[in-house]
Amino acid sequence: MAKRKRSRGALLEGVPVSEPPVRPGLVGPRRVVPRHIQRPVYARTGDPGPPISAPVRTPDEVVAMRRAGQLAAEVLLFAGKLVKPGIHTDQIDARVHEKIVRRGAYPSPLNYRGFPKSVCTSVNEVICHGIPDSRPLADGDIINIDVTVYIDGVHGDTSVTFEVGEVDEHSQMLVRETRNAMYAGIQAVRPGAPVHAIGRAIERHAQAHQLGVVRDFIGHGVGTEFHSSLQIPHYYDRRHATLLADAMTFTIEPMLTLGTPDMYLWDDEWTAVTTDQRRSAQFEHTLLCVYADQGAAGSGAEILTRTPAGEGAAEVYAR
Ligand code: MF3
Ligand code: CO
Ligand code: CO
């Protein structure tokens, strides 16, 4: 008889549920965007309409995407400095909103399908799409801050999971290996590779560290639309056989969990949490698929969500 795989139950021994559970706080009023700032189509009604944009960018759009990506990266670096015990997630939203509009950009989440705030803040067992509210960060929390900006007609989308003060060892491992899983996915990008090569690399990394891979949310084409029709799962699925091509722009944004990757939504219809209350982490970059040249170490991905100096919050805040 084949050796039985160790059951998930045994693996989870000693992995704590996150206590106390995250609960909904008070959500403040919608923030105002100055009139002179160019708005995405959904800004007024909340409705982005059906996705219609191409998966590949024009040369002009590539130039704009570099700028949007750099701005998103700068805002995320700034957001990381705010992460301290005691700050309310809505205070992070306020500072991030202000920074984005000062730079002449629109905070993409604001009113996207009715989302009420300018950034997503997802704490502990919240997988993604947490709404900034009156909850103060506590020592030992982990928080994903997901920044998307719209400028020059395109979006740049990036996120990092930050540690608040001293976090437990399981959370440290979760954060570190989720970052590594994102980079494993990025390494799989090159023109001609199937989309499922990305998910395969991420899933393999997650399995090696006994982490769950969330299936309910996936990476996406991004450009003139916040979410285009291109889908990038973070798990292997051979049906996702679309070939990556030069000038495609999309995100890789794996959400990995200490326990089950299954989720439910809060009554706010946004906040996604793990069903077992164990923690989840996420990292996200916006990528441009390019032909690998000398020095690109074989990867055919240009990471758009970095500063001109090549800095990103994922590295700057790594412990
Ligand atoms: N930034 C998220 C992503 O990575 C999307 C947030 S949608 C929002 O795709 F409405 F919650 F902002
Ligand atoms: Co995204
Ligand atoms: Co995002």
Side-chain angles (χ1 to χ4, degrees), residues 27 30-31 33 39-43 45-49 51 53 55 65 68-69 71-73 75-76 79 89-90 92-93 96-97 100 105-123 126-133 143-150 154-162 178-179 182 185-186 198-199 202 214-234 248-256 263 265-266 268-273 280-288 301 303-305 312-314:
V27 178
R30 189 174 299 245
R31 298 186 198 286
V33 176
R39 283 145 213 271
V41 284
Y42 54 81
T45 63
D47 181 9
S53 62
M65 289 287 293
L71 177 57
V75 173
L76 188 57
T89 51
D90 188 50
I92 295 174
D93 184 81
V96 165
H97 176 93
I100 292 170
Y106 181 94
S108 305
L110 189 62
N111 207 30
Y112 179 77
R113 298 188 189 279
F115 191 81
K117 288 284 159 182
S118 299
V119 67
C120 297
T121 54
S122 303
V123 174
V126 179
I127 293 169
C128 64
H129 301 165
I131 299 171
D133 66 14
I143 177 174
N144 174 276
I145 302 183
D146 191 342
V147 171
T148 314
V149 301
Y150 181 74
V154 297
H155 300 267
D157 189 4
T158 185
S159 83
V160 159
T161 298
F162 300 99
T178 305
R179 178 190 307 111
M182 173 186 69
I186 291 173
I198 298 171
I202 292 168
V214 170
R215 301 176 74 93
D216 293 278
F217 303 97
I218 61 181
H220 52 92
V222 61
T224 53
E225 293 175 310
F226 195 171
H227 297 99
S228 81
S229 59
L230 179 63
Q231 301 187 349
I232 314 284
H234 304 113
M248 272 188 181
T249 50
F250 53 88
T251 71
I252 296 180
E253 50 179 302
M255 288 140 274
L256 303 191
M263 68 107 195
L265 289 183
W266 282 359
D268 63 22
E269 289 179 8
W270 279 107
T271 311
V273 296
S280 177
Q282 179 178 27
F283 284 78
E284 175 175 26
H285 270 310
T286 295
L287 293 321
L288 170 70
I303 298 178
L304 297 176
T305 35

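We count ligands from 1, going down the list as the structure has it; atoms in each ligand are counted the same way.
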Just to be careful: counting only protein atoms that are N, O or S, how many fall under 2.8 Å of the Co ion (ligand 2)?
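Total protein N/O/S atoms under 2.8 Å from the Co ion (ligand 2): 4.
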Salt-bridge criterion met for Lys117 and Asp133 (N-O under 4.0 Å)
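A salt bridge is absent here (no side-chain N lies under 4.0 Å from a carboxylate O).
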Are Arg113 and Asp47 close enough for a salt bridge, meaning some N to O gap below 4.0 Å?
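Looking at Asp47 together with Arg113, the answer is no, because their closest N to O distance does not fall below 4.0 Å.
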Aromatic centroids of His234 and Phe217 separated by under 6.0 Å
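Ring-ring flag for Phe217/His234: false, centres at least 6.0 Å apart.
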Is it the case that Ser159 and Asn144 place a side-chain donor and acceptor less than 3.5 Å from each other?
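Note: Ser159 and Asn144 side chains meet the donor-acceptor criterion.
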Side chains of Asp157 and His220 only: does a donor on one sit below 3.5 Å from an acceptor on the other?
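There is such a pair between these side chains.
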Checking the side chain of Asp90 only, and the main-chain atoms of Asp93 only, is there a donor and an acceptor separated by less than 3.5 Å?
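No, Asp90 side chain to Asp93 backbone: no donor-acceptor pair under 3.5 Å.
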Set of side chain to side chain contact (heavy atoms under 4.5 Å, CB included) partners for Pro55, sequence neighbours left out:
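With neighbours one apart ignored, the set is Met248.
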Which residues satisfy the side chain to side chain contact (heavy atoms under 4.5 Å, CB included) test with Glu269, sequence neighbours excluded?
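By the side chain to side chain contact (heavy atoms under 4.5 Å, CB included) rule, Glu269 matches no residue at all.
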Near ligand 1, which residues have a heavy atom under 4.0 Å away from one of its atoms?
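Ligand 1 pocket, heavy atoms under 4.0 Å: Pro109, Tyr112, Phe115, Cys120, His129, Asp146, Thr148, Asp157, His220, Phe226, His227, Glu253, Trp270, Glu284.
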May I have the step-by-step check of side-chain contact (heavy atoms from CB on, under 4.5 Å) for Val126 and Trp270, ending in yes or no?
CA-CA 10 Å; Val126 179; Trp270 279 107; over 6 Å; no
